[in-house]
Amino acid sequence: MMGLLARRWVICTIAALVATEVVWGQKPAEKVAEPRRPKIGLVLSGGGARGAFHVAVLRALEEMHVPIDCIAGTSAGALVGGLYAAGVSPDEIASFVNQRSFERLFSDLPPRREIPFRRKEEDRRYLSEFEAGIKAGRVRVPRGLISGQNFSAALDSLMLKAAPFGSFDDLPIPFRAVATDLETGDKVVLDHGDLPQAVLASMAIPGVFAPVERDGRLLVDGGLVDNLPVDVAKSMGADIIIAVDIGTPLARRDSLLSPLDISRQVITILTAKNEAHQASLADILIRPDLAPFRSSQYSLAPQLIELGAQAMEGEKEKLLPLALDEPEYSAYREACRAKLKPARPIDLIRFTGSNRVDGRIVEAQMRTRTGEVPDVSLLKRDLERIYGLGDFEKVEARLKDVQGQRELVVEARDKPWGPNYMRFALEAEDDFSGGSRFSLKGNVTMTRLNALGAEWRNDLQLGRTQSFLTEFYQPLDFSGHWFFAPGIEYTYALHDLYDGDQAVAEYRSRTILTGADIGYQIGSWGELRLGPRWGHSTANPKIGDPSLAVFDVRLAGISGQMVFDRTDQPGFPRDGSRAGLFAFLARTGMGSQARYDKVWGYWGEWFSKGPGTIFIKAEAGSSLGTSLPIWDRFTLGGFSSFSGYHPEQLGGDYYGVIRAGYYARIANMPPGLGKGVYFGGWLEAGNIWETRQQVSSGDLKHALTLLFGADTRLGPLYFAYGRAEGGNSLFYLYLGRTF
């Protein structure tokens, strides 16, 4: 009996000691007897514009308190998943896909407010976005329709707070993006480094986006090898996989009508094969019916998010068993937020990547300063200004923590097809009444010829008007404001002379002028130039009465111009203003055989609300009491200049026109092919006069123009009808610059 009591005493004593240790917390780990919560992995597939559906999935999981412990994504899934993993909320992602202009994201053009004025003028002359290069005696072209600059900049602005992370395991939610090695065809799982670059690599559609160079590889869209990367999430340690498949279904035979349709179908076939196996590995598969939505319909993102919210209601039964209670979910979210690094001032700014552009030129574009916490909007505009210089394929900014210092690294990668560039443009007009004109324009510009950024520009135009301009443009400081520009210009042109509605003669003229300008660039929106000109002009009748006057004179004088452009785009502006004032004063004191003055100018303003744009434009010219030579007189007529009259049907030494109109965007063009389709028109009032005494508002002529237009990558294309006084009316098919 005593032995039994002793044993019980010993057992009770041990139990009391154990209880005491638990109460005082000496061995808390031994208290945890609950099973570990299963690790949940979220897999988001690619699918282009359908990726907006993923936003609804994230919202639904948050509302149900389902934790996400890791994310693997491909293409559009990498975009949405990468943003969420970096701490961007579903509402912020929804705002991004709703409010962003995807036509801008699928273009490399920076906002025009940040483009140097010299680049703006090139865009006006060569409205096509296509640019090629000359390197080592060979013509080179970009590796994709777009490099992804604007897409990358948009991602940078959202992910800047995640930039100092090296490994994607250190993000608020561990993340992987899947890409394809373009050289070997291998699957590449991106798990470290630059997060926006990894996302862009995963969604770099071949032939549309340029491949992303990373760790010695050329990477493109991961959907080619693993569009639903369930295996990647499993390799991250996920116990339960929620997979969302928004892949494109195979098209029916009757819809395969073009080479583009067939190419898209081939890619879908490749994608579908790797998706089927991966889908079988998922524990919960969400596969919505998105057949009515094409992968290119980015403008339908709001509808896709709404559809996703409805579809996720039907998935709750599968997902609710994974949900946490409120305290557990709050602790999970707080643990995710705690992994974000706090904002702190920049200690150092470094510029890397360029072998051509002097760092002082790049530095002059920066407004972000050391000692300040980086401002996302300010840094974004800095990058736009640097990219707007026209020298770089991609400009990116990254925050890095190096030896206790926070560095802002601005990497500006030179265009592989530079530094000598070619641009082309085609302008054509047909009035369906026997009158047609065309111009083929080409430009070769050699850039960065010295540290200050000198350029040698050469413009060639062929057609009814033929011209050649060569100009050496030398900035005089690193800011690029002051410049010196000597050059030579040759022009051969045909000029119609009308008697009423009848063309009675055709003159041909040849003019060659040489000179040099001193000028000043006014920020990014204007330019002043002034300089002397010397040369020679001839003009003689090609068709018509052989007794008509023949001209052969020396020319000398002063040329000047003041131009500014603050419009938001060159083709169909929506907002802003544009104006110019020009003068050529021929002077006998400088050696000219002809003395005349020619001064002209224009002003235009654009206002938009919704899809519609109202514009008003005025232009005028004067010979200041002199007589203009046949080759240099003012003319009106043709599309956009008193439509209804033939080109040059109206001519004289003085003119004035006011134009008011409206156009509205009625449809969108596929990304990569253009921007929008427009309908609109305008009214014109004005006239052209031979002498100053004839100038009067009492004899103004009027004209009306109606048009359909498309803003294509080759430039604006119009089909229009013009009607002017006296029964003059014409239809036009026109490709080229108008507004």
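Numbering starts at 1 and runs along the sequence shown.
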>> How about CE on Met366, more than 12 heavy atoms from neighbouring residues, nucleotides or ligands closer than 6.0 Å, or not?
In response: yes

> Are any non-hydrogen side-chain atoms of Lys598 and Leu628 less than 4.5 angstrom apart?
Replying inline: yes

> How are the rings of Phe582 and Trp600 set relative to one another: parallel (under 30°), tilted (30 to 60°) or perpendicular (over 60°)?
Replying inline: parallel

>> Students often mix this up, so state it plainly: with edges at 30° and 60°, are the rings of Tyr732 and Phe639 parallel, tilted or perpendicular?
In response: tilted

> Is the Lys NZ or Arg CZ of Lys617 less than 6.0 Å from the centre of Tyr602's six-membered ring, within 45° of the axis?
Replying inline: yes

>> Looking at Arg367, I want to see if its CZ is surrounded by more than 12 non-hydrogen atoms of other residues, nucleotides or ligands under 6.0 Å.
In response: yes

> Taking the six-membered ring of Tyr421, is the NZ or CZ of Lys135 close enough (under 6.0 Å from the centre) and on axis enough (within 45°)?
Replying inline: no

>> Side chains of Pro116 and Gln521, heavy atoms from C-beta outward: is any pair under 4.5 Å?
In response: no

> Do Glu648 and Arg437 meet the salt-bridge criterion of a basic N to acidic O distance under 4.0 Å?
Replying inline: yes

> So which heavy atom on Ala76 is nearest to which on Gly51, and how close?
Replying inline: CB-CA, 3.9 Å

>> In this structure, is the centre-to-centre distance between the rings of Phe731 and Phe432 below 6.0 Å?
In response: no

> Any ion pair linking Arg113 and Asp575 (charged N to carboxylate O, less than 4.0 Å)?
Replying inline: no

>> Tell me if the centroids of the rings in Phe572 and Tyr663 come within less than 6.0 Å of each other.
In response: yes

> Within 45 degrees of the axis of the six-membered ring of Tyr645 and under 6.0 Å from its centre: does Lys701 put its NZ or CZ there?
Replying inline: no

>> Could you check whether Phe472 and Trp456 have their ring centres less than 6.0 Å apart?
In response: no

> Does Phe468 have its ring centroid less than 6.0 Å away from the ring centroid of Tyr490?
Replying inline: no

> Any ion pair linking Lys415 and Glu393 (charged N to carboxylate O, less than 4.0 Å)?
Replying inline: no

> Do the charged groups of Glu605 and Arg578 touch, with an N to O distance under 4.0 Å?
Replying inline: no

> Do you see a donor-acceptor pair shorter than 3.5 Å between the side chains of Arg566 and Ser577?
Replying inline: no

>> Would Arg457 pass as a cation-pi partner of Tyr473, given that its NZ or CZ must be under 6.0 Å from the six-membered ring centre and within 45 degrees of the axis?
In response: no

